[in-house]
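What follows is one structure encoded as structure tokens, with my remarks underneath.
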There are 2 protein chains.
Amino acid sequence: MQITDADRRILRQMMAEPGLSVADLAERAGVTAATCWRRIERLREAGVLRGEHAVINWHALGWEVEVSLRFTLDKTDPRAFDEFTVAAREVPEVIEIQSFLGSTDMRLQIIARDMAHYQQIYRKRILTLPHIAELDALMLVSTIKSSAELAL
Amino acid sequence: MQITDADRRILRQMMAEPGLSVADLAERAGVTAATCWRRIERLREAGVLRGEHAVINWHALGWEVEVSLRFTLDKTDPRAFDEFTVAAREVPEVIEIQSFLGSTDMRLQIIARDMAHYQQIYRKRILTLPHIAELDALMLVSTIKSSAELAL
DNA sequence: GATGAAAAATCTGTGAC
DNA sequence: GTCACAGATTTTTCATC
């Protein structure tokens, strides 16, 4: 798919001010609402726009503990990656799963109500994940920036 | 702010099916559209709901390289954290900044068009960030899960 | 102080140009 | 790509609990 300057302006605006209506987006991107809508539709069909994501402030909801866990897997078993991933997806407190090339294989981000809750998840759901060779945990203090304002 | 059962149902539904209209959300959460709208507004004002973000497929836009960088800072200087954070925010290719308690102090996530572009960002914008003591990089292969479906 | 019903304002999605 | 428009949706108002 060919991405025009107008597409780029729309995408940039979506990143800069998420949640804007199509009409407002159109105005800021310098196109009419109908055009903007059709472009968004095209971007969706082309797989550039994957959908929407509600951004929730877990802290305000009383989920105080956020942890980033890095795993090295036991690569002697070729099924390690798949089985680890499938098992990790099933833990509801896991809010992000990333896979890497390098010494670390996977990263999970986890939220919990408090330390006691985290301990419980850690022992019952994390340490029981399959094929873990090594693991190290970092307590998250804050997420400062979580978006992009790129010159596409 | 007091969070009711209806609020929880609305939030859970928003996470499960982002982008739903207020009317549909209301139906699924078992409240009227007006009530649902008012509750969402309250959650927004209370800072529980930070908004809805469009999920962009960088790969489809031709941004092929994604990297996670972990930093240990030089803590002999008390301004290290602030100065590092301020400088990191200004790099447009940095799409996430997290700060931790533990051996690692910061994590940045970066996107680049290709390896050559990444090398350039790495040398000119990352290695020049202030107060870096140690740093290690991981090439991201994929992000598999990036949401939560929690029993709030 | 919170709710639902209904009206008013606004936006979306489509067709014609 | 623009314009016009019907239908849908959001947001306000108001009477009620």
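Since this is a predicted model, take the numbers as computed values, not measurements. Below, chains carry the letters A, B, ... as their sequence lines are ordered, and counting in each starts from 1. These values consider heavy atoms only, across backbone and side chains, with no hydrogens, waters or symmetry-generated copies.
Residues meeting the side chain to side chain donor-acceptor pair (under 3.5 Å) test with T143(A), sequence neighbours left out: none. For D82(B), the side chain to side chain donor-acceptor pair (under 3.5 Å) criterion is met by no residue, not counting sequence neighbours. In terms of the side-chain contact (heavy atoms from CB on, under 4.5 Å) criterion, residue partners of E17(A) (sequence neighbours excluded) are, by chain and number, Q13(A), L20(A), R28(A).
Taking NE2 of H117(B) as the reference point, atom CD1 of I121(B) lies at 3.5 Å (rounded to 0.5 Å). Between the CG atom in D105(B) and the CG atom in L135(B) there is a gap of 12.0 Å [rounded to 0.5 Å].
Heavy-atom distances under 4.0 Å link DNA chain D to S21(B), V22(B), A23(B) of residues 17-28 of chain B, given in residue order. Listed by residue number, the members of residues 43-51 of chain A with any heavy atom below 4.0 angstrom from DNA chain C form an empty set.
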Hey, can you pull the donor-acceptor pairs under 3.5 Å for the side chains in residues 33-47 of chain B, sequence neighbours left out?
residue, atom, partner, partner atom, Å
T35(B), OG1, T32(B), OG1, 3.1
R39(B), NH1, D7(B), OD1, 3.2
R39(B), NH1, D7(B), OD2, 3.1

Donor-acceptor contacts under 3.5 Å from residues 88-98 of chain A side chains, at least two apart:
residue, atom, partner, partner atom, Å
E96(A), OE1, R107(A), NH2, 2.7
Q98(A), OE1, R107(A), NE, 3.0
Q98(A), OE1, R107(A), NH2, 3.3
Q98(A), NE2, Q109(B), OE1, 3.2

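Over its length, the helix from dG1(C)-dC17(D) to dC17(C)-dG1(D) turns its helix axis by 20°, as judged from the five terminal pairs at each end, rounded to 10°.
Boundaries of the chain A contact region on DNA chain D are dG1(D) to dC3(D), first to last in 5' to 3' order (nucleotide atom under 4.0 Å from a heavy atom).
With side-chain heavy atoms closer than 4.5 Å counting as contact, directly or through intermediates, V55(A) stands alone and belongs to no larger hydrophobic cluster. As a member of the Ile/Leu/Val/Met/Phe/Trp/Tyr network built from side-chain separations under 4.5 Å, L138(B) groups with F100(A), L140(B).
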Next on the checklist: Checking I132(A) against D74(A) for the side chain to side chain contact (heavy atoms under 4.5 Å, CB included) test, could you report, in this order, the C-alpha distance in whole Å, the side-chain angles of both residues, the deciding distance, and whether it holds?
Outcome noted: CA-CA 6 Å; I132(A) 299 174; D74(A) 170 22; over 6 Å; no
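Annotation for E134(B): atom CD does not count as buried by contact number, only 12 or fewer foreign heavy atoms lying within 6.0 Å. Within 6.0 Å of CZ on R50(B) lie no more than 12 heavy atoms contributed by other residues, nucleotides or ligands.
Look at CD1 on I40(B): it is 16 Å from P on dA2(C), rounded to the nearest Å. In this structure, R42(A) places its CZ atom 17 Å from C1' of dT14(C), rounding to the nearest Å. Atom CG in D7(B) sits roughly 11 Å away from atom P in dA2(C) (whole-Å rounding).
For the pairing with V65(A), the side-chain contact (heavy atoms from CB on, under 4.5 Å) check across M115(A), H59(A), Q119(A) returns one residue only, M115(A).
Side-chain nitrogen and oxygen atoms of T32(B) include none within less than 4.0 Å of the OP1 or OP2 phosphate oxygen of dT3(C).
Side-chain polar atoms of E52(A) and H53(B) form no donor-acceptor pair below 3.5 angstrom.
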Which protein N or O atoms sit under 3.5 Å from an N or O of nucleotides 15-17 of chain C?
none

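Not one N or O on the side chain of R70(A) forms a donor-acceptor pair closer than 3.5 Å with the backbone of A137(A).
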